Amino acid sequence: MTDDAKPRLAPGVRLHADGTKLLGPERILELDEIAQAIVREFDGTKRVSEIATSLAKEFNERESIIRADVDALVKDLASKGYLKL
Amino acid sequence: MPSPIGLLAELTHRCPLGCPYCSNPLELVRAGGELDTKTWTRVLQEAADLGVLHVHLSGGEPLVRTDLAEIVNAAHIAGLYTNLITSAVGLTPQRLSELKGAGLDHVQISIQGVEPARADAIAHFKGGMKMKREAARLVVHEGLALTINAVMHRENIADLPQIIDLAQEWGAGRLEVAHVQYHGWALANRASLMPSREDFERAASVVDEAKTRLSGDLVIDHVIPDYYAERPKACMGGWGRQVIVIAPDGRALPCHAAASLPEMIFANVRSRSLSDIWREDDAFAKFRGTEWMPKPCRGCDRAEIDWGGCRCQAFALIGNAAATDPVCTLSPDHAIISAAIAKDEAAPSAPYRFRRIGG
Ligand code: SF4
């Protein structure tokens, strides 16, 4: 994942009002707490590097660890069609 | 008790097309018997309160309802994911932007083939293919998600590679390759619609190849035909477990073909709340879970996977809704499926009986 990638939800995908799952056409994806926090940042304006920095602060965790979580989630969601880069 | 996750809202049975495999019942509800906007608004809120996440606005052709945008908006306000299932006939730029403004999340357009004249002949509607192409372009242009739904049968199954190309060319994010299932009108036309097993298997490998090749670009969902499967599908995710169907006249059904079951009485959302129906209605309770199951489903290790298959199919083929779905090779009645395949897969194609109101 390059630092500059700005993930956003694919057309037709949105976060349910309760924030715990992604809804898409004929699809429901339950998110764990970490994934929920990351997905909230996927608005197409923030770089993955910025997302990792701000979440690292919020969770008081090493940035490299959060960054690995973000990259893994982006890769997984993009391959399933939930995300556009 | 499980919460339902999907609501299939059949807004109307009216439709300009006449596809011979329509899943609507042979006896269709007329316009005067349809639920009004106010009732739909209430029902959609009740659905969301009950835990429903997706609402599929279907028909018939939902665009024939002039209050469609109001209904979409009611669903959107209730927090539901709104999916419009349409032939695209009538999806003008004005209507699309109205629907988008109302909160529409996703559009599913059905196609009958690739080559316009042949596709239009199957849909029994001239000029339909051209309208679909234009509507698909508008949907993508508006930034809405598009699914192409291609119903496969004997006449178009060899065109599957071109259908996949077309879905990509039209900018769809998802393609549903749905083989005809023989309910309602499709059962009446089975001898003309059923592909050979060989053609079906070729189609299955085309889908597998395309899934790998297009991974990340186009999501492909393959709904395989019951008759060529060894085990049934969990019809509607199991009776009374995941989905509620509301017929145009307001009857709440556990399966869209359930109105064909003669001895059953279905509650109507005009006089009862959705949660009361889901929790208390006898029709929803009747085949829920595994208690009702006869052998060989009773004790089978797939009992809670496929829930014994489709009740309506069991009734349509062997006259008993409480029997194991005969498509299961373990069913004592499975011979009826083998016989139907032997008879119909090579039967000469008769003229279709096109779907229309008034039989
Ligand atoms: S016997 Fe019943 S439960 Fe078992 S696979 Fe067949 S239909 Fe499913």
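Below, chain A is the first sequence line, B the second, and so on; all start at residue 1. In this text, all values refer to a predicted model and were calculated from it rather than measured experimentally.
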Asker: With a sphere of 6.0 Å drawn around CD of A/E30, does it hold more than 12 non-hydrogen atoms of other residues, nucleotides or ligands?
Answerer: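 Atom CD in A/E30 is packed in, count exceeds 12.
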
Asker: If I measure from the heavy atoms of chain A, does B/L53 come under 4.5 Å with its side chain, its backbone, both, or neither?
Answerer: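 Both parts, backbone and side chain.
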
Asker: Where on A/K21 is there a heavy atom nearer than 4.5 Å to chain B: the side chain, the backbone, both, or neither?
Answerer: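 The side chain, not the backbone.
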
Asker: To the closest 0.5 Å, what do you measure between CZ (A/R14) and NE2 (B/H106)?
Answerer: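 Rounded to the nearest 0.5 Å, the CZ-NE2 separation comes to 13.0 Å.
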
Asker: Taking side chain as everything from C-beta outward and backbone as N, CA, C, O, which of these in B/N83 sits under 4.5 Å from a heavy atom of chain A? Side chain, backbone, both or neither.
Answerer: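 For B/N83, side-chain heavy atoms alone lie under 4.5 Å from chain A.
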
Asker: As an exercise, state the distance from CD1 of B/I5 to CG of A/L23, rounded to the nearest 0.5 Å.
Answerer: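 Answer rounded to 0.5 Å: 10.0 Å.
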
Asker: Need one label for A/A78: side chain, backbone, both or neither, based on atoms under 4.5 Å from any heavy atom in chain B.
Answerer: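 It is the backbone, since no side chain atom gets that close.
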
Asker: Is it the case that over 12 heavy atoms from other parts of the model lie below 6.0 angstrom from the CD1 atom of A/I34?
Answerer: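 Not buried by this count: 12 neighbours or fewer within 6.0 Å.
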
Asker: Other residues, nucleotides and ligands only: do more than 12 of their heavy atoms fall within 6.0 Å of CZ on B/R279?
Answerer: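 No, because the 6.0 Å sphere around CZ of B/R279 holds 12 heavy atoms or fewer from other groups.
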
Asker: Quick check for you: among B/G6, B/G79, B/S215, which has the greatest number of heavy-atom pairs under 4.5 Å with chain A?
Answerer: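 When all of B/G6, B/G79, B/S215 are compared, B/G79 has the most.
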
Asker: Side-chain contact, heavy-atom cut-off 4.5 Å: B/V219 with A/K80?
Answerer: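 Answer no - side chains too far apart.
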
Asker: Quick check on B/D217 against chain A: is it the side chain, the backbone, both or neither that has a heavy atom closer than 4.5 Å?
Answerer: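 Neither part; nothing is under 4.5 Å.
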
Asker: So which heavy atom on A/P25 is nearest to which on B/T147, and how close?
Answerer: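 The answer is CB-OG1, 4.2 Å.
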
Asker: Rounded at 0.5 Å granularity, tell me how far CD in B/Q108 sits from CD in A/E26.
Answerer: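 Reported to 0.5 Å precision, the distance equals 6.5 Å.
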
Asker: Could you walk me through whether A/R27 and B/D221 pass side chain to side chain contact (heavy atoms under 4.5 Å, CB included), step by step?
Answerer: CA-CA 11 Å; A/R27 283 177 164 62; B/D221 286 332; 3.4 Å; yes

Asker: Closest heavy-atom contact between A/P11 and B/G143?
Answerer: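 In terms of heavy atoms, the two residues are closest at CB-O, 3.8 Å.
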
